[in-house]
Amino acid sequence: MSMSAPERPLKIIALGDSLTAGYQLPGSAAFPAVLEKALRAKGYDVHLVNAGVSGDTASGGLARLDWSLGDSADGVILELGANDMLRGVDPAATKKALTEIMSRLRSHGIRILLAGMRAAPNLDKSYREQFEAIYPALAKEFDVPLYPFFLDGVAGNPSLELADGLHPNAQGVDRIVEKFLPIAERFLQSFQS
């Protein structure tokens, strides 16, 4: 694969919660570090910045957006909403915060890869439907790539989760990256066009 050498690596900010931050894992085992390593192994000149904060809601991510971006972000992997769902935040409020984040990113010319979340199966059916509709609706509205479920292949698999049953362990992060890699590659290729 030939890519013209940019002056600096593409800088991608992973803006998220504990799933991005790497809750209870060493930094080298957190999603951004593992994804960067996988992308570099495939020849991409990319630097991923871990802007994950444990416990953050979509509104929390919005509140720290400018600080998280710094001054030279090319793209953002947006992974927020799980804590909203766990706390029963009104899906309309979650969607509003995510919409504002995406609008601000768009106004700065920063490309977005949206990572979706599913609601816990024990939640009210109406809530689950409203919450899970947020991500496809935003991906369509902003015309951005959507990875439908960040914990795909990990959620509900105890061998890939920490004891809390919510967060991935190091093997779980590896599985997430393995499944996320194709869309991440397409996202990086979009910078060439």
Side-chain angles (χ1 to χ4, degrees), residues 1 9-58 60-61 68 74-87 94 98 111-123 128 131-136 138-139 144-191:
M1 182 184 71
L10 275 176
K11 184 176 176 184
I12 308 296
I13 311 292
L15 182 68
D17 49 36
S18 55
L19 300 175
T20 292
Y23 180 73
Q24 291 192 349
L25 299 173
S28 61
F31 170 75
V34 177
L35 181 60
E36 177 182 307
K37 187 176 176 187
L39 288 166
R40 285 185 169 272
K42 289 189 167 271
Y44 294 95
D45 189 17
V46 63
H47 174 56
L48 265 80
V49 176
N50 189 338
V53 172
S54 291
D56 229 353
T57 59
S68 298
D74 298 301
V76 166
I77 296 172
L78 180 56
E79 178 276 308
L80 283 167
N83 289 308
D84 300 62
M85 176 266 298
L86 291 171
R87 295 175 192 174
T94 302
L98 289 172
R111 295 181 189 224
I112 306 159
L113 195 174
L114 183 60
M117 183 50 57
R118 293 214 178 114
N122 62 328
L123 293 171
R128 286 199 322 262
F131 179 81
E132 292 181 3
I134 292 171
Y135 299 94
L138 287 175
V144 299
L146 171 66
Y147 185 74
F149 180 37
F150 189 74
L151 293 172
D152 184 29
V154 174
N157 184 339
S159 69
L160 298 175
E161 295 174 326
L162 296 176
D164 64 11
L166 295 172
H167 296 92
N169 60 24
Q171 293 76 26
V173 172
D174 288 344
R175 172 69 61 85
I176 291 169
V177 167
E178 180 187 316
K179 294 178 85 69
F180 196 87
L181 196 55
I183 197 169
E185 285 197 74
R186 289 195 298 276
F187 182 56
L188 294 186
Q189 289 159 6
S190 75
F191 287 88

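Note that the structure is predicted; figures quoted are calculated from it, not measured.
- Side-chain atoms of Gln171 and Arg175, non-hydrogen and from C-beta on, never get closer than 4.5 Å to each other.
- The structure places CG of Leu80 at 11.5 Å from CD1 of Ile134, a figure rounded to the nearest 0.5 Å.
- Side-chain contact between Ile12 and Leu113: absent, with no pair of heavy atoms (C-beta onward) separated by less than 4.5 Å.
- The structure places CD1 of Ile13 at 7.5 Å from NE2 of His47, a figure rounded to the nearest 0.5 Å.
- A heavy-atom distance below 4.5 Å is found between the side chains of Leu39 and Leu48.
- Distance check: Leu188 CG to Ile183 CD1 gives 11.0 Å after rounding to the nearest 0.5 Å.
- Residues Leu15 and Thr20 are not in side-chain contact: their nearest non-hydrogen atoms beyond the backbone lie 4.5 Å or more apart.
- A donor-acceptor pair under 3.5 Å is absent between the side-chain atoms of Glu79 and the main chain of Ala115, judged by distance alone.
- Contact of the Asp45 side chain with the Arg40 side chain is registered, since non-hydrogen atoms from C-beta on lie closer than 4.5 Å.
- Under the 6.0 Å distance and 45° angle rule, Arg111 does not count as a cation-pi partner of Phe187.
- Residues satisfying the side chain to side chain donor-acceptor pair (under 3.5 Å) test with Asp56, not counting sequence neighbours, are Arg64.
- Side chain of Asp84 to main chain of Ala58: a donor-acceptor pair is present (N/O by atom type, distance under 3.5 Å, no hydrogens or angles).
- Looking at heavy atoms from C-beta onward, His167 lies in side-chain contact with Leu19 at the 4.5 angstrom threshold.
- In this structure the side chain of Tyr23 never reaches within 4.5 angstrom of the side chain of Leu166, judged on heavy atoms.
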Below 3.5 Å, can you tabulate the donor-acceptor pairs from side chains in residues 146-160 to any protein atom, sequence neighbours excluded?
from	atom 1	to	atom 2	distance (Å)
Asn157	OD1	Ser159	N	3.1
Asn157	OD1	Ser159	OG	2.7

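- Side chain of Thr57 to main chain of Gly60: a donor-acceptor pair is present (N/O by atom type, distance under 3.5 Å, no hydrogens or angles).
- Listed here is the closest heavy atom pair of Gln189 and Tyr44: NE2-OH, 2.8 Å.
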